[in-house]
**Student:** 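So that we are looking at the same thing, I have put the structure below in structure tokens.
Bear in mind the structure is a predicted one, so any value in this text is a computation, not a measurement. Letters A, B, ... mirror the listed sequences (proteins, then strands); counts begin at 1.
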Amino acid sequence: MNTARPVLEMRGIRKSFPGVVALAGVDLTLHAGEVHMLLGENGAGKSTLMKILSGAYRKDRGEIRIHSRVVDITSPRDALDLGIRVIYQELNLVPQLSVAENIFLGAAPILMPGVVDRRRLSTMAKTLLADLGMNLDAGAQLAELSLAQRQMVEIARALRDFESRNTGEAPILVMDEPTSALTAREVDQLFVLIERLVANGVALVYITHRLDEVYRIGKRVTVLRDGANVATKLLAEVTVDELVRLMANRDLSEQYPRRRTVPGADLLTVEGVGRHDVLHDISFTLRAGEVVGVAGLLGAGRSELARVLAGADRADTGRIICKGQPVVLRSPADAIDIGIGLLPEDRKAEGLVAGLTVARNVALPHGRRLSTGGYLRDQVEERFAAPVVGDLRVKATPTQEVRVLSGGNQQKVVLAKWLAGAARIFIFDEPTRGVDVGAKVEIYQLINRLTEEGAAVLMISSDLPELLGMSDRILVMRGGRIQAAFDADQATQQRVLSAAFGLSGVTH
Amino acid sequence: MRARRFGTLIGLLLLCAALWILTPHFLTVSNLLNIVQQTSINAIVAAGMTFVIISAGIDLSVGSIVAWSGVVLGAMLQAGQPAAIAVPAALLAGVGCGLINGLLVSIGRLPPFIATLGMMSVARGAALVFTEGRPVSGFSEGFRWIATGSLGFVPAPVLVMLIVYAIAHFALTRTTFGRYVYAIGGNEEATRLSGVAVRFHKTAVYAVSGLMSAVAAIVLTARLNSAQPIAGMMSELDAIAATVIGGTSLLGGEGSVGGTLIGALIMGVLRNGLNLLGVSSFLQQIVIGVVIVVAVLVDTTLKRHRT
């Protein structure tokens, strides 16, 4: 291990917000050339700590040393000057510009003031991309790239910026759940890049909820809980079970506690459904008590299928049959009427109204039923929402604004919207993305409860172990079609993946 | 939200206190009634604007709709129609413009700025064509009661304003319609996916704004005893200013008509006070502009510190 002086030392960092202590004296030590995993449940203080490091928040108390010098980070500018780079999930790039232009944004080589030296820009970008081992076309427009490729551009830009300062000291990179939107192959590419970066002396703080990643690339781990340090350990000396216990302070005996039930009547039958370029000839049946998993790569048409079933987009061809009756889903209201509830992939954009209270969000789909002739009092909504919110153990009161809740609790509020109503068919699009370990298990248990009560769940997920662990059947989508279908006992990670990549074409 | 409205109220009280010290003419019953009466027209328009802005839209056509509804009203009254027919016709004229705005925004998917910018020009032009650019004047005493009458010590325009605000407040806080307006402004897609008829409610919001403009036109026409095709010039800006000073976010999803009423009063008090102090109307414009910017600056700064 590195015995040299640490690149970064954060000591006794405290930060409180009105009503909450987010960080109660947290320490973090980072060495050059290490990938340091920062773990903790949602609300444990990981993001707050990183926001203090990047200058987005100011600490109340504590000390930050960089290369042993005490520093005062009071703005994002300060953090940049100190060589701290955060790779954000909402990428800060300009889609209309090329890869090269993005990498050298604000620092392009010039022929004369105001005129960019395009040729040199291009060669510099190519050299940098080659140095980093990134297989990217410097001239490609950013908008044409996949999310994973954009992330690489962002990383390249951060490192270019650092190189141009040329202080000779190790830069500090922070990645906050960089893989949450990536496919397995893209994750591999990212990890190769990360290994190359740390080999060159970059110090990396890596935040994730995926425990497999922790072991794949991490060297040391710091676990936070409720704004305090729980442990800092070498990953070679700690097991997964221990990590989970450290994070949640409870045992999680089973990661995927699926309790299978005997499927009942057909709830929803989809026959040959298509939607111009995105969906072709989709057919399957959802039965009561069943979890049907949907696997596939990004862009395979999974979310598009979810949107058609939820009435958000219209199908051009095919039929949807509910309880023996053909139904036409013209709008989300039609889908809700036949008992379909959608938990969208992007809950902030599609699932919640952040500025409204928990009660109002939960009551939103049920306004007509709750009101008398349009008259609706706050108390009615609160009384309506309170039991479901309590049942799901949402850590919030019905009168709190949703925006202040953590990711896991926000997810539960979206669930509560449908649980409070008469939904029988649940479409879960990436239900556990960005959700901490404890909340994940709660969601799995909820899926069990729903199916035991005779509901059906269509679960779209990019987390293969989860899909294999929780589904009774798995549909694999590719190019807007169902490429393959497996029963749970026949599905393996390899079979599902090869179908997703189109390597085998076994249809049912 | 409540704390912020409190802040605007404190601002209003501080402003009144300052004027009370600076001029003896400010704190008299007749002057205060005068302020409220003068504020009522802007306040009524701003109530409709608040609905639109909470839904994350904007309505630039309110001033022109005031003129258009006003001349429809004036022409009918002058032609000898009773107020019982002319007033509903004026309201219909306003709602009609609002409906067109709403349909352009919800079905036509035009940005609200563009749709209502078009209506701003069309409704103004319609009022000018209809009257050939001349004011329509001379109405019955009965109709003029809307401006000159009073109930106890409350002048009729103030009464109209209070009724409008009571209904608007009820609609925003106690009805599904109000819920949906906030929800649409906060996150339209999530609201749509929750099964809410978003297009219907968006259309309704602009119809409400058109209706409010027509109500304001009725009060204005009665007060001036004349319907002017150039009435309500720039009043969209006053209405937006009152709404924003009152703490409604231009991004949508939050705000209240209570705040807007205070915002409208702040503008009314300010104008009145500056007049009493003998500040020239040129200088007044500068002061009012500064107040709008400072009020919103304070509001957003407070909001930032809260989160």
**Student:** Quick one: does any side-chain atom of Asn187(B) pair with a main-chain N or O of Lys348(A) as donor and acceptor, under 3.5 Å?
**Tutor:** yes

**Student:** Of the backbone (N, CA, C, O) and the side chain (C-beta and beyond), which part of Ala349(A) lies under 4.5 Å from a heavy atom of chain B, both, or neither?
**Tutor:** backbone

**Student:** Applying salt bridge (charged side-chain N to carboxylate O under 4.0 Å, His left out), run through Arg403(A) and Glu254(B) and close with a yes or a no.
**Tutor:** CA-CA 13 Å; Arg403(A) 79 169 97 230; Glu254(B) 55 185 282; 3.7 Å; yes

**Student:** Counting only heavy atoms not in Arg109(B), do more than 12 fall under 6.0 Å of its CZ?
**Tutor:** no

**Student:** Among residues 410-418 of chain A, which residues come closer than 4.5 Å to chain B, judged by heavy atom distances?
**Tutor:** Lys417(A), Trp418(A)

**Student:** Does atom CZ of Phe200(B) have more than 12 heavy-atom neighbours from other groups under 6.0 Å away?
**Tutor:** no

**Student:** Just give me the residue among Gly367(A), Gly374(A), Gly355(A) that pairs up with chain B most often, heavy atom to heavy atom, under 4.5 Å.
**Tutor:** Gly374(A)

**Student:** With chain B as the partner, which of Glu381(A), Arg307(A), Arg368(A), His366(A) has the greatest number of non-hydrogen pairs under 4.5 Å?
**Tutor:** Glu381(A)

**Student:** Would you compute the distance between atom CD of Glu189(B) and atom CG of Asp346(A) and round it to the nearest 0.5 angstrom?
**Tutor:** 10.0 Å

**Student:** Using heavy atoms and a sub-4.5 Å threshold, report which of residues 325-340 of chain A line up against chain B, by residue number.
**Tutor:** Pro332(A), Ala333(A), Ile336(A)

**Student:** Would you check if the side chain of Arg377(A) reaches a backbone N or O of Thr173(B) as a donor-acceptor pair within less than 3.5 Å?
**Tutor:** no

**Student:** I want to check something: taking the side chain as every heavy atom from C-beta on, are Leu376(A) and Arg179(B) in contact at a cut-off of under 4.5 Å?
**Tutor:** yes

**Student:** Mind checking whether Tyr182(B) and Leu356(A) have side chains closer than 4.5 Å, heavy atoms only?
**Tutor:** yes

**Student:** Got a second to check how far Leu193(B)'s CG is from Leu364(A)'s CG, nearest 0.5 Å?
**Tutor:** 10.5 Å

**Student:** Using a cut-off of under 4.5 Å on heavy-atom pairs, state which of Ser371(A), Gly341(A), Gly421(A), Ala312(A) scores highest against chain B.
**Tutor:** Ala312(A)

**Student:** Under 4.5 Å, counting heavy-atom pairs only, tell me which of Gly253(B), Ala197(B), Gly195(B) racks up the most with chain A.
**Tutor:** Gly195(B)

**Student:** How far apart are the C-alpha atoms of Thr176(B) and Tyr375(A), what are their side-chain angles, what is the distance that settles it, and do they pass the side-chain contact (heavy atoms from CB on, under 4.5 Å) test?
**Tutor:** CA-CA 6 Å; Thr176(B) 47; Tyr375(A) 175 66; over 6 Å; no

